[in-house]
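Note: hydrogens, waters and symmetry copies are ignored here, and every other heavy atom, side chains too, is used.
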Amino acid sequence: PEKRFMSVIDKLQQIDKRAQLRINVSVETTGKHFEFIRHGVTWRDFQRRFEHLVDQFTPKRMSIMTTMFILAIFDYKNLLLYIKQLGFDTKQVQFGYLEDPEYQSLLSFDQELTAPYINELVESGLIGDDLTRTLRATQQQQQSKSELHKDFITYIKDFGQRRDLDINIFPKELINE
C-alpha cells in the first residue's frame with residue numbers, strides 16, 4: 001500500500017545518515033505492458049513510487065534490474081527512454097535472461113516476430129555491449145516451437161482474463177493460435 005511504501009522510504013532515509021544506501025528497482029516495461037508482468041500494481045502507481053525513490057535517492061544511488069523475455073521485448077525501448085528521462089544511464093541497466101518457463105523465453109519464438117524490436121533496441125544506442133551481444137546471440141538461436149507457443153497462448157489468455165487485461169497490445173503473430 002502507498003502509505004506503507006512511503007513510511008518505509010522515510011525510515012530508510014532516517015537510517016541512511018551517510019547516504020550510502022543503494023536502491024535496486026526491478027522493472028521491464030511501461031504502461032499496459034507493465035501490468036502483464038508486474039501484476040498487483042498499476043503503471044501509474046509504479047511511476048509515482050519510482051519517481052519518489054528517484055527524488056529521494058537520485059539515479060546515482062539506484063540500480064535498474066530487468067529480465068529479458070517475450071513479454072518485455074515489445075516495450076523495452078519505451079522503458080529505457082522513460083528511465084533515461086529520469087537521469088539513468090540506460091547502458092548500465094542490469095539484465096537477466098529468462099529461460100524458464102520455456103514458453104516465455106525469447107528462444108522459443110520465431111526470429112521474425114522479435115527481430116523488429118531487437119534490431120530497434122540494438123540500433124537505438126540505449127543498451128550496452130553485453131545486452132547487444134546477448135540479443136544478437138538470441139536471434140541466431142531462436143526457433144519457433146509450436147508446443148511452447150501454444151503453452152504461451154494458453155498462459156497469456158488466461159492471465160489477461162483473470163486481470164481484465166487486453167492481450168491485443170501484443171503483436172498479432174504472438175497471440176494468434
Inset, instruction - Spell out, yes or no, whether Met65 and Ile73 are grouped together once hydrophobic residues are joined by side-chain heavy atoms under 4.5 Å, including indirect joins. - result: no

Legend entry - Taking every non-hydrogen atom, the tightest pair across Leu106 and Gln142: O-NE2, 2.9 Å

Legend entry - Candidates Gln140, Gln139, Gln143 - the one meeting side chain to side chain contact (heavy atoms under 4.5 Å, CB included) with Gln111: Gln139

Legend entry - Exceeds 12 heavy-atom contacts within 6.0 angstrom, atom CZ of Arg162: yes

Legend entry - Closest approach of Leu135 to Ile118 (non-hydrogen atoms, all atoms of both residues): CB-CG2, 3.8 Å

Legend entry - Same apolar cluster: Ile83 and Val41, side chain cutoff 4.5 Å: yes

Inset, instruction - Any salt bridge (Lys or Arg N to Asp or Glu O under 4.0 Å) involving residues 44-68? Give me the pairs, sequence neighbours left out, ordered by first then second residue. - result: Glu2-Arg48, Glu2-Arg49, Asp16-Arg61, Asp45-Arg48

Legend entry - Any donor-acceptor pair under 3.5 Å from Glu35 side chain to Trp43 backbone: yes

Inset, instruction - Indicate the atoms forming the closest heavy-atom contact of Leu121 with Ser124, along with that distance. - result: O-OG, 2.7 Å

Inset, instruction - Check Phe95 against Met68 and note the closest heavy-atom contact, atom names and distance. - result: CD1-CG, 4.2 Å

Inset, instruction - Ignoring hydrogens and angles, state whether a donor on the side chain of Tyr97 or Thr134 is under 3.5 Å from an acceptor on the partner side chain. - result: no

Inset, instruction - Please examine the side chains of Phe74 and Ile169, heavy atoms only from C-beta on, and report whether any two atoms are closer than 4.5 Å. - result: no

Legend entry - Distance-minimising heavy-atom pair for Ile70 and Leu174: CG1-CD1, 3.8 Å

Legend entry - Whether Phe152 and Tyr103 hold their rings parallel, tilted or perpendicular, with breakpoints at 30° and 60°: tilted

Inset, instruction - Report whether Leu53 and Met6 are members of the same hydrophobic cluster (ILVMFWY, side-chain heavy atoms less than 4.5 Å apart, transitive linking). - result: yes

Inset, instruction - May I ask you to decide if the ring planes of Phe34 and Phe46 are parallel, tilted or perpendicular, using 30° and 60° as cut-offs? - result: tilted

